[in-house]
Amino acid sequence: MIDLKLLQKDFETMSKKLQRKGVDVALLEQLKVKNEALKIAKAAFETLQAAQNAMSKEFGVYKREGKDITELKARVDANKIKVAEAIEVQRDAQEALETMAMAIPNVPDDSVPDGADEADNVELKKVLTPREFTFTPKEHWELAEENGWIDFERGVKLATSRFSVSFGMGARLERALINFMLDFNRERGFDEVSVPALVNRTALEGTGQLPKFEEDLYKMDGQELFLIPTAEVPVTNLYQDEILSADELPKRMTAYTSCFRKEAGAAGRDTRGMIRQHQFHKVELVAITTPQTSEIMFEQMVNCASDILTALELPHRLVNLCTGDLGFSAAHTTDIEVWLPGQNQYREISSISNTREFQARRAKIRYKNGKKNEMVNTLNGSSLAVGRTLVAIMENYQNEDGSIDIPEVLKPYLGM
RNA sequence: GGACAAGUGGGUGAGUGGCUGAAACCACAUCCCUGCUAAGGAUGCGUACGGGUAACUGUACCGAGAGUUCGAAUCUCUCCUUGUCCA
């Protein structure tokens with residue numbers, strides 16, 4: 001959630017920044033009005049309630065002293081009605097404010113470039129040079145089918161479109177990648193956690209998937225439980241509604257989970273192959289830090305993900321997401337795109353974001369800074385999307401005869 | 001699935017209608033004493049929002065929600081969680 005106090009204090013600056021994310025000024029003005037209305041409503045209620053409390057205390061004294069309470073009772077009864085009205089007003093004001101505020105995206109950092117969509121993202125750097133092919137490289141689905149690694153039709157048979165099944169070396173490679181990534185992250189100081197794949201509404205509100213993006217989540221029938229779209233949700237919410245001590249920060253975690261997304265807005269995109277599946281494996285990094293150290297952590301996380309690709313000898317590049325491509329909760333995001341020679345383009349394989357206080361404020365994750373409780377900063381990033389890494393391996397390691405070499409670093413994980 | 005019991009602050013745990021935002025103890029923080037590796041003393045020590053330069057102060061919160069009452073941690077109802085017993 002955005003900082004409403006700051007919006008109140010410096011409306012100009014904040015609204016300008018949010019307008020870059022396409023937030024309507026009129027909406028922000030309404031939000032400001034609602035915030036003020038809530039303050040007034042609260043003050044009104046509290047004054048009445050204070051009177052009520054005082055009279056109730058007096059009531060006790062009267063009874064003890066055996067005084068007549070008729071007059072006092074009349075006063076207290078009259079005030080009670082006013083209190084009830086005031087609390088109603090306050091509750092409505094609170095609800096109206098929250099509904100609106102929860103749908104406002106995070107304020108983008110000044111370093112985020114303006115832009116409409118992914119075409120306006122800014123390349124930061126390239127790592128490794130794509131190899132020269134002496135033949136026309138194939139796309140991954142062709143290679144996957146040729147080698148018997150992935151069966152797209154049987155996935156559809158079992159579930160529906162955008163599901164697939166991995167066989168043999170394809171399945172083993174997925175498992176090897178997961179282990180390799182987790183080990184790699186652990187060596188970089190990220191503790192491994194294993195978390196539920198189902199979470200409740202509060203958790204999803206905490207990280208920003210709800211209330212706005214419910215249509216992209218799989219929801220359990222008749223229960224307030226959702227399949228996680230990313231491990232970021234359960235891992236970040238591990239510390240929801242907690243006050244951490246400064247010396248337990250930063251918290252660095254890594255988790256492997258399956259992720260589930262309806263891909264509601266992606267009809268027609270990447271329909272072929274395993275780039276965009278409803279269920280996919282991902283190894284995630286999550287960090288909880290003080291505001292002062294979050295950018296250092298961000299660099300570490302970007303490097304961690306990039307270094308995994310380097311270790312796998314997969315050419316990739318880093319891009320700074322523009323305002324139009326930036327996610328709801330992020331203050332800024334670096335995407336890592338891996339080179340896919342079959343597609344002849346770079347494709348997203350990791351996304352690392354600093355949400356600063358945005359998620360912390362929603363999920364109420366604070367830390368003790370001396371005597372004061374302050375919001376932590378939360379960061380998350382993939383390291384990496386497993387399916388897409390497998391895609392990248394297939395396309396980059398392919399031979400003319402359609403066979404696929406195995407990256408050196410994965411061989412120990414495959415008993416090779 | 002059924003029966004019973006319980007859910008209080010960082011922890012243990014008191015508290016059955018007003019003097020309780022909550023005793024006591026432990027932990028923690030600062031200071032003092034002592035002086036030696038352990039002990040004694042003083043003070044402080046929940047969260048959120050609002051007012052005040054500040055000292056301080058108002059409101060809410062004792063699993064969650066609703067209700068009874070002038071007044072609820074305490075009574076009633078629903079739900080959740082945990083424990084024990086039974087299937």
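All of these numbers come straight from a predicted model, not from anything done at the bench. First the proteins, then the strands, lettered A, B, ... as listed; each starts at 1. The basis for the numbers below is simple: all heavy atoms, side chains too, and nothing from hydrogens, waters or symmetry mates.
At most 12 non-hydrogen atoms from other residues, nucleotides or ligands lie less than 6.0 angstrom from CZ of R154(A).
Residues from residues 236-244 of chain A lying near RNA chain B, meaning a heavy-atom separation below 4.0 Å, are I243(A) in numerical order.
For residues 279-294 of chain A, the salt bridge (Lys or Arg N to Asp or Glu O under 4.0 Å) pairs, not counting sequence neighbours, are K282(A)-E284(A). Residue pairs meeting the salt bridge (Lys or Arg N to Asp or Glu O under 4.0 Å) criterion with at least one partner in residues 286-304 of chain A, sequence neighbours excluded, are E295(A)-R356(A). Each ring pair (Phe, Tyr, Trp, His ring centres under 6.0 Å) pair with one or both residues in residues 149-178 of chain A, not counting sequence neighbours, appears once here: F163(A)-H278(A). Sequence neighbours left out, the pairs with a member in residues 320-343 of chain A that pass ring pair (Phe, Tyr, Trp, His ring centres under 6.0 Å) are F213(A)-F328(A), F298(A)-H332(A), F328(A)-F358(A), W339(A)-Y346(A).
Annotation: ring-ring contact (aromatic ring centres under 6.0 Å, His included) contacts of Y256(A) (sequence neighbours excluded): H281(A). Scored by the salt bridge (charged side-chain N to carboxylate O under 4.0 Å, His left out) test, E214(A) finds R201(A) as partners (sequence neighbours excluded). With sequence neighbours excluded, no residue forms a side-chain hydrogen bond (donor to acceptor under 3.5 Å, both in side chains) with K157(A).
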For residues 87-97 of chain A, please give each side-chain donor-acceptor pair under 3.5 Å, one per line with the distance, not counting sequence neighbours.
from   : atom 1 : to     : atom 2 : distance (Å)
Q94(A) : NE2    : E98(A) : OE2    : 3.3

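Consecutive pairing runs in RNA chain B reach the stem threshold at B:1-7 with B:80-86, B:10-12 with B:24-26, B:28-32 with B:40-44, B:46-51 with B:56-61, B:63-67 with B:75-79, where a stem means at least three Watson-Crick or G-U wobble pairs with distances under 3.5 Å.
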Tabulated below should be each protein N or O lying under 3.5 Å from an N or O of nucleotides 62-67 of chain B; please produce it.
none

Each nucleotide N or O in nucleotides 71-73 of chain B that has a protein N or O under 3.5 Å away: list the pair and distance.
from   : atom 1 : to     : atom 2 : distance (Å)
G71(B) : OP2    : K80(A) : NZ     : 3.3
G71(B) : O4'    : S56(A) : OG     : 3.3

